[in-house]
Amino acid sequence: MTPPAPNSAARPRVLTGDTPTGRLHLGHYVGSIERRLEMQESYDCFFLIANMHAFTTRADKSADIRSDTLEIVKDWLACGIDPARSTVTLQTEVPAIAELSWFFAMLIPFNRVMRNPTLKTEIDSKGLGDTYPFGFPMYAVGQCADILAFRPVYVPVGEDQVAHIEMCREVARRFNVQYCGVDPKTEDADFEKAGGVFPIPQALVGRVARLPGIDGKQKMSKSLGNAIFLSDTPKEVQKKLNKIFTGRQSPTEPGDPNNALMQFVDAFIPAPRAAELKDQYARGDNIGDGHVKQELGEHINKLLEPIRARRAEYEKPGGDDVVIDIIKQGTQRANAEAERALWM
C-alpha cells in the first residue's frame, strides 16, 4: 500500500537531493538544506538520495555508497527534514528515473552535455582526465530525469548546480514540443497548460550561493578536505575555523572584508553583528582574526548543537533500521508519482 502524501494537497512541488559522498557540511546547509527546511512548510517536497550517480566515480565501492546513503539521510533528519511532511526517496529504487534517462538522452546532443560547465569542473576537480566512464557524462542527463520524473516547479540547489537545472529546462521544453505538440514559443510558465507533460522547473539558489572551504580558496568540499561537517564536535569546528588563513599580521592591520573569514561571518553571524565585525575588521580597529574565529565558532556551534543531538538518536542501536524504513516508505510514494509521469 502506498503511504499517503505528506500534506501535499494543492501545494506546488519541489524536488532536490544529494549524491551520497558522506556526511553533509556547512556549505550544504547554507546552500540548500536551509531552503529545504523552509519550503517543506508550504510545498510538496521530494528529497532524492542520488545513489546511482555515486557509481559514476565509485563503482568499485558499493558498500561505501550504501553507508554514505544512510549518513546523508541521518543528516537530513537531524537538520529537520520531516518524513511526515516531505518525501525521502532513493534513486535506484525508482525505475522510472532510469527509463526517462534513456528517453531524455535522445533529446539532447552529446556535445551539449559536455558543454555543461558543472560537468567540466567536476572532471577537472576530481582529476578524471579522459579516463572517466561513459556513465559520468550520462549522469548529467540522469539528473534531468531525477527532477522531471516528479514534475516539480522548483529545484533548490547550490550555485554550482544551476547549469544542470538549465539543461533540465531545455530537455523539458524539447520533450513537450516534440511529443506533446506544445508551441515552442510558449512561455515557460504555460507549458503544462498548453498540454505539456513536464513543467519547466526553476532553480532556487540558497541564501549563500558559494561557501568557501577552510582553505580559503576552493568551495567547501569533502573531497578537497576543507569542510566543516554538520556532525563535527564543537572542538572540531573551532579547530577547523582556526585554520582559515587571511594573511593578516596584526589586529591593527586593515583586513579584507570579503575574504574567506568574512564570508563565514556573513553566513553564520546575524546581520547587525556581522556588519559591526566587518567594519571593525576593515578598519583594523584592534580586532584580530583569532577573536573573529572564536565568535564565529560560538555561532556555528549554537546552530549545530540541536542538529548533533538529533543525529545522535540515529546513531543508537537500531537507528539504521529506522532510517531504512523512512526511505522505504518515501520511495513507495515516489514510485507512484514517477509512474504517473510515465503514463501521462
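- Side-chain atoms of Asn259 come within 3.5 Å of backbone N or O of Met262 as a donor-acceptor pair.
- Centroid-to-centroid, the aromatic rings of His164 and Tyr139 come within less than 6.0 Å.
- Side-chain heavy atoms closer than 4.5 Å link hydrophobic residues (I, L, V, M, F, W, Y) into clusters, and following such links, even through other members, never connects Met52 to Leu100.
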Salt bridge (charged side-chain N to carboxylate O under 4.0 Å, His left out), that's the test. Do Arg13 and Asp44 meet it? Break it down for me.
CA-CA 5 Å; Arg13 182 164 295 168; Asp44 181 21; 3.0 Å; yes
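- Proximity of a side-chain donor or acceptor of Gln91 to a complementary backbone N or O of His53 within less than 3.5 Å is detected.
- Partner of Asp146 under the side chain to side chain contact (heavy atoms under 4.5 Å, CB included) criterion, out of Thr16, Val94, Leu48: Leu48 alone.
- Summarising the geometry of Pro234 relative to Asn301, their closest heavy-atom pair is CA-OD1, 3.2 Å, with the distance given to 0.1 Å.
- In this structure, the side chain of Arg311 does not engage the main chain of Lys74 through any donor-acceptor pair within 3.5 Å.
- For the pair Arg340 and Phe150, the cation-pi criterion (under 6.0 Å, within 45° of the ring axis) is not fulfilled.
- In this structure, Ser101 contributes its side chain and Ile97 its backbone to a donor-acceptor pair below 3.5 Å.
- Using a 4.0 Å cut-off between charged nitrogen and carboxylate oxygen, Glu295 and Lys302 do not count as a salt-bridge pair.
- In this structure, Phe191 has its ring center no closer than 6.0 Å to that of Phe198.
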